[in-house]
Every structure is written in C-alpha cells, then in structure tokens.
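A short write-up of the structure that comes next.
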Amino acid sequence: MTLVSLRRAFTLTLLLTLNLSAQAQDSTQPETPGATPPPLNLPAVPSAPALPVTAPSTSGSGFTPATPAVPMVPTPAPAAPTVTPPVIPSPVMPVPPVLPPVAVRGLWVDAFGPGLKNRAQVRQVVDDAVRMGVNVLFVQAIRRGDCLCLKSGLPAITDADFEKNFDPLALVTRLAHEKGIRVIAWASVTGIANAASPSTNPKHVMRTNGPTSRDSWLARRSDGTWQEGSDGWLDAGIPAAAEYAATAVVNLVKNYDVDGVQLDRIRYPDGGDWGYDPKTIARFNAETGTRGRPLPTDPRWQEWKRDQITALVRRIALEVKSIRPSAWMTAATITYGPAPRVLNPDSFRQSRPYTDVMQDWPTWIHQGLIDLNVPMNYKRDGVADQGVWFNNWNSFASSVRTRADGQVTPLAIGTALYLNSPQVSAAQASRSVSAGLGWVGYSYRVPTLANYNNTQSQPQALSDVTKLLTAPGGALHETKRWLDAPPVARGLMGRVVGVPWPGGRTVEAWQDGRRVAQSLTDGNGYYGFLTLPAGKTEVRIGDRRWTDTVPATGLVRLPDMLLRDTQPAMIPAAPRK
C-alpha cells in the first residue's frame with residue numbers, strides 16, 4: 001500500500017466514524033435486508049521508534065505460588081529527588097509504516113455442544129478446519145471454572161457425554177499441529193458458573209468458594225446478589241480469586257504444547273453495579289484512603305475496578321512470558337455499541353466496554369499485555385447501523401495497535417457466524433482480510449443463523465459457510481499458514497511482601513536517570529513491565545530499590561521485595577455468612 005493510499009484510507013475512515021446512539025451488540029434478532037455497508041478503510045497505524053537492545057540477562061524465571069519464599073530485603077536507597085521527571089511518551093511518527101497483512105484465519109471451537117467431548121469429535125473438528133482453510137483454532141479449554149483438559153488444576157467438565165479420562169486439549173493440539181494448524185487455548189477467566197447447568201464436581205469453585213461460602217469469591221451487586229442471568233462471575237478485586245484464575249490459565253501454557261492462550265470473559269459482568277463483596281470494598285478503602293461503600297457511579301471506584309481487570313491481564317501475561325516468551329497472549333475483547341472516534345484518544349472512555357464492564361483493552365495493547373487483539377465485533381449487516389458499527393470498530397481497533405515500545409500488535413476481527421447468513425459472514429470476513437487484518441469466526445458449533453434457529457443442521461451450515469469463505473475472492477480462498485512470532489516481550493516482574501495490603505503500590509522503572517515506565521502492584525503484590533528497553537533498570541517502590549538487567553527477549557524475575565509500612569493498614573475480620 002502506498003503512502004497516498006494510506007492517507008486516502010485514513011480520510012475515508014474519518015467520514016465513516018459516526019457518533020451513533022448506544023445499543024448492545026449481542027442481540028440475536030436476525031438481519032433484515034438493507035443497504036450494503038461501505039468498504040472498510042482503516043486509518044494508518046501510528047508508530048514509535050524501536051527501543052535499543054542490549055545483551056540478555058542470565059537470570060532465570062518461572063511460575064511461583066502465591067505464598068512467598070523467604071523475601072530478600074533490598075538496601076534502602078538515598079532519598080529520591082524532589083522533582084520526578086515525567087514518563088517520556090513514545091513519539092508519534094508523522095509517516096506511518098506499511099504493515100504486513102495479519103495472517104490469522106481462525107475459528108472458535110466452544111465447549112457447549114459437540115466438538116471436543118470425545119476423540120471422534122476432535123478428529124472431526126480438525127478435518128473440518130483443514131477443509132475450511134483456517135490456520136488457527138481457538139479451542140475452549142477453560143469453560144466455567146472447569147476444563148476440557150486434565151492439567152490445568154481445575155476439575156474436568158462433568159457433562160454426561162464427556163469421554164472419561166480424556167484430554168481434548170492435548171489431542172486437538174497434536175492433531176492440528178500435524179496439519180500445520182496452530183492451537184490457542186481459549187479460557188473464560190472470570191465467568192466461572194451457570195446456575196442452570198452447574199458442575200457436580202465437589203472441587204469446583206462454586207462449591208469451595210461459591211455464594212454460600214464464608215470465603216466467597218463471587219462478584220456481587222450493591223444489593224448483594226451475584227447472578228447475571230444464570231451466570232456467576234469471579235471478582236477480580238479479591239486477591240485469592242485473581243490468583244486462582246491466573247494459575248489455571250498459566251498452567252495451560254506450562255503443561256500443553258499450545259501456541260498461546262486467549263483470555264475471554266476477562267471483565268466484570270454487564271451493568272456496572274458490581275464489586276460489592278465486603279472483601280473488595282475493604283481493599284478499595286485501604287488502598288485509596290476512602291471510607292464506606294462507594295456508589296456505583298463513583299469515578300474513583302470505577303477506575304479502581306478497571307485497574308483490577310488490567311492487573312489480572314498483566315499477571316497472566318507476565319507469567320506466560322516468563323515461562324515461554326514465544327507463546328501468544330491474546331484476548332477476545334468487547335465492542336458493545338457504536339465505536340469510539342478514531343481521532344479522539346479519550347473517546348474509548350465513553351464507550352460501553354470501558355464504562356459498563358471495566359475493560360480497558362487499548363491500555364492492554366499499549367502496555368504489551370496482549371500480542372493479538374481479537375475484538376468480538378458481533379454485528380449484523382442490514383440491521384440498523386450495525387454494518388457501519390462493524391467497520392468503525394475495526395477502524396478504531398486498528399488505530400490503537402501501537403505498543404509503548406513502538407511494536408505493532410496484530411489485529412484479527414472476530415465475527416458472529418451464528419448471527420448471520422453465510423453471505424453476510426463471508427462479506428464481513430472479506431472486508432476484514434482485504435483491509436490487511438486477520439479474521440476469526442464464532443463458532444464451529446453454530447456456524448450460521450439458520451443453525452442457531454434450529455432450521456439447519458450443523459454439518460450443512462458449516463458446509464454452506466465454508467463454500468463461500470473458500471470461493472474465489474473469499475477470505476479463505478488461498479490457504480496459508482500462520483507462522484508469525486508475537487511481538488517481542490522485554491521486561492521484568494516481581495512482587496512486594498511484608499505488608500497487609502500489598503496492592504495499589506506505585507512501581508517505577510528507571511533507566512539512565514529517567515523514569516521509563518510506571519505501574520501499580522496487584523492485590524497479591526505482583527508487578528511488572530513488558531515493553532521496557534533492554535539494559536540496566538532500577539525498580540523503585542516507596543523507599544525501596546532493586547537493580548537488574550532487562551534481557552533482549554523475555555523477562556527477568558526479581559526477588560520478592562520486603563516493604564515495611566510505618567502505619568500498617570488494619571485488616572477487618574472476614575464477615576460470617
């Protein structure tokens with residue numbers, strides 16, 4: 001693509017970006033005939049200069065349990081200067097680079113029906129993927145606090161038709177790799193239960209830490225209720241719940257030859273009025289110096305909850321990259337309603353993903369917490385303004401692909417096969433791919449609207465959509481492998497201990513006398529950075545300092561840092577139920 005065409009594409013995108021009224025994306029009403037949406041024209045992606053690279057560190061890394069070993073006590077440094085230099089932002093280049101097209105051609109395979117429950121189904125999934133021409137399967141491993149695997153630390157699913165002693169994740173990974181298809185282990189992170197179809201395993205989290213437990217981990221509304229429809233959700237603001245969720249996802253990379261993990265349901269439930277477990281409120285008050293129960297509309301409370309979701313993404317990313325830097329960290333992100341304005345950097349703060357479910361995925365990209373963004377752009381061409389919404393969300397997502405270190409995060413558009421006809425699905429896939437983006441369809445189990453409405457069988461629906469996707473000019477017409485490596489992860493991670501409330505502590509990374517990054521500790525005291533320049537780096541937390549060398553690739557893991565508060569926070573007694 002030439003510079004002229006890039007500028008023309010950017011100008012056309014501005015014309016497409018509309019300030020439309022909010023509307024949920026997850027309606028299941030079928031599409032009605034309407035005008036074909038305009039072609040998708042994406043803005044050029046701003047870039048920043050690449051950071052310098054130095055020799056790697058020889059420090060080791062690995063996943064450690066929540067209980068710390070004997071902490072190392074760093075020597076306090078001299079008093080910090082009275083004037084702190086600001087974080088130097090990455091400059092925006094006036095002329096953007098020409099980016100290679102994203103090679104992802106994917107298919108989600110969920111665990112709520114046939115597909116992964118016995119060996120024959122898994123073999124059929126891989127055979128169908130070969131015929132369709134996809135190059136990556138996003139295979140549901142963690143469903144609702146249970147797993148279609150045996151080595152995550154979670155109980156296996158208890159469906160009656162699930163083959164006993166069977167590990168679908170291991171088999172699908174082996175078979176797909178034999179065909180040149182990658183496998184991303186897809187995990188529902190905070191969505192952990194459904195009251196209509198509960199797990200019967202006594203070790204399931206709903207039985208050990210459910211709504212009637214003295215140590216419940218569930219997200220609650222201000223009135224104390226916990227169900228969103230029939231679903232139950234973990235509260236990421238409860239440190240033990242966050243530890244549980246992170247450990248399960250990281251175990252997928254630790255114990256399986258998967259090519260990466262995808263975080264789904266990594267948010268609070270819809271509605272905004274969540275997070276009111278007494279443990280969560282006590283932690284919020286301790287970390288922010290506030291008192292009482294915050295109102296659902298309190299901006300500080302909302303920002304704190306967003307920080308907890310981002311902190312959970314960060315923790316998982318740090319652990320995954322410390323084990324296997326080549327593993328892909330991806331997320332299925334929310335695109336409710338109309339898209340933010342491309343040229344307005346604050347417009348995402350008015351969007352429903354940000355205000356409703358506390359998901360700040362542009363920040364995840366900027367901080368290098370995810371390597372591949374897969375927005376769930378579940379829109380239906382011909383239904384009101386949704387065809388334009390589809391294009392505009394793609395444009396916005398493309399405009400926020402640049403990380404703090406100047407690398408560009410790949411973008412693959414997720415579309416709802418189950419809400420559309422094969423013709424519409426093929427058109428949405430083609431609009432995405434022709435714009436240089438990847439594509440992922442949801443889902444293998446329900447590949448057309450007719451199948452979703454039970455007027456067409458799954459095999460016939462899959463055949464119909466496959467024919468259009470693989471036809472000349474279709475998104476999957478040319479079979480190609482996805483061989484790209486993820487953006488380079490470069491940074492460090494560590495943990496603070498020794499204080500009753502380790503979360504919410506400011507962490508700074510300094511190099512050559514200037515602050516290059518800043519973050520916060522999570523509720524378990526963990527912190528880290530993934531987009532640092534390589535080289536000697538000093539970490540500052542309060543009056544504590546620790547110096548180490550950031551490697552050229554991967555992460556250095558620092559020893560636990562012992563903090564000593566002069567006035568420790570009081571820990572309230574856990575409420576009895």
Side-chain angles (χ1 to χ4, degrees), residues 19-25 84 86-87 89 190 218-226 228 233-239 241-242 265-315 331 333-367 369 396 400 404 501-508 517-523 527 569 572:
N19 185 18
L20 301 173
S21 59
Q23 177 176 329
Q25 74 179 34
T84 301
V87 176
T190 54
L218 296 182
R220 294 180 183 272
R221 295 186 183 89
S222 55
D223 63 2
T225 57
W226 60 270
E228 182 207 26
W233 298 70
L234 290 178
D235 188 336
I238 299 174
R265 292 202 163 196
I266 180 74
R267 57 185 179 91
Y268 277 93
D270 291 348
D273 182 23
W274 295 91
Y276 284 91
D277 183 282
K279 296 184 293 298
T280 307
I281 296 174
R283 190 180 148 221
F284 168 71
N285 287 336
E287 292 182 9
T288 61
T290 54
R291 295 183 179 182
R293 283 165 52 92
L295 295 174
T297 55
D298 182 339
R300 193 170 186 180
W301 171 234
Q302 292 177 336
E303 186 66 21
W304 186 88
K305 289 191 292 181
R306 269 188 294 273
D307 287 344
Q308 306 319 302
I309 300 299
T310 297
L312 181 53
V313 177
R314 180 183 298 109
R315 172 72 189 289
T333 53
I334 298 294
T335 64
Y336 289 162
R341 294 172 180 260
V342 171
L343 282 188
N344 184 349
D346 293 328
S347 63
F348 189 78
R349 295 175 179 270
Q350 282 76 53
S351 71
R352 285 192 57 206
Y354 189 87
T355 62
D356 193 348
V357 299
M358 310 300 151
Q359 193 181 85
D360 185 8
W361 52 259
T363 291
W364 305 352
I365 295 166
H366 183 72
Q367 295 182 1
L369 308 185
F396 175 78
V400 293
W501 300 99
R505 311 276 174 156
T506 299
V507 183
E508 297 177 346
Q518 179 176 303
S519 186
L520 297 173
T521 56
D522 68 14
Y527 63 88

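- In this structure the side chain of Leu520 never reaches within 4.5 angstrom of the side chain of Trp304, judged on heavy atoms.
- At least one donor-acceptor pair under 3.5 Å links the side chain of Thr190 to the backbone N or O of Arg265.
- When all heavy atoms of Phe396 and Ser347 are compared, the pair lying nearest together is CE1-OG, 4.3 Å.
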### Task
Run the numbers on Asp360 and Thr310 for side chain to side chain donor-acceptor pair (under 3.5 Å), then give the verdict.
CA-CA 7 Å; Asp360 185 8; Thr310 297; 5.2 Å; no
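- For the pair Arg293 (side chain) and Tyr276 (backbone), a donor-acceptor distance under 3.5 Å is absent.
- When every heavy atom of Val313 is checked against every heavy atom of Leu369, the shortest pair comes out as CG1-CB, 3.9 Å.
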### Task
Take Trp226 and Asp235, measure what side-chain contact (heavy atoms from CB on, under 4.5 Å) needs, and give me the verdict at the end.
CA-CA 10 Å; Trp226 60 270; Asp235 188 336; over 6 Å; no
#### Entry: Working for ring pair (Phe, Tyr, Trp, His ring centres under 6.0 Å), residues Trp274 and Tyr268
CA-CA 7 Å; Trp274 295 91; Tyr268 277 93; 8.1 Å; no
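- The distance from the CG atom of Asn285 to the CH2 atom of Trp301 is 8.5 Å, given to the nearest 0.5 Å.
- Panel note: side chain Arg300, backbone Thr288; a donor-acceptor pair is recorded below 3.5 Å.
- In terms of modelled atom types and a separation under 3.5 Å, the side chain of Thr521 and the main chain of Arg505 share a donor-acceptor contact.
- Within the model, atoms OG of Ser519 and CZ of Arg314 stand 3.5 Å from one another, a figure rounded to the nearest 0.5 Å.
- Atom CZ of Arg283 is separated from atom CD1 of Ile238 by 9.5 Å, given to the nearest 0.5 angstrom.
- Residue Val357 comes nearest to Ile334 through the heavy atom pair CG2-CG1, 4.3 Å, listed as atom of the first residue, atom of the second, then distance.
- Between Gln359 and Trp364, the closest heavy-atom pair is CG-CH2, 3.3 Å.
- Using a 4.5 Å cut-off on side-chain heavy atoms (C-beta onward), Leu312 and Gln308 make no contact.
- The two residues Gly275 and Ile281 make their nearest non-hydrogen contact at O-CG1, 4.1 Å.
- Nearest heavy atom pair, residue Trp233 against residue Glu228, reads NE1-OE1, 3.0 Å.
- In this structure, Gln302 contributes its side chain and Pro296 its backbone to a donor-acceptor pair below 3.5 Å.
- Side chain of Asp356 to backbone of Gly271: a donor-acceptor contact under 3.5 angstrom is found.
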### Query
Is there a side-chain contact (heavy atoms from CB on, under 4.5 Å) between Phe348 and Val400 once you walk through the steps?
CA-CA 10 Å; Phe348 189 78; Val400 293; over 6 Å; no
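- Atom CG in Asp277 sits 6.0 Å away from atom CZ in Arg220 (nearest 0.5 Å).
- To the nearest 0.5 Å, the span separating CD1 on Ile365 from CH2 on Trp361 amounts to 5.5 Å.
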#### Entry: Derivation of the side chain to side chain donor-acceptor pair (under 3.5 Å) call for Tyr354 and Arg349
CA-CA 6 Å; Tyr354 189 87; Arg349 295 175 179 270; 2.7 Å; yes
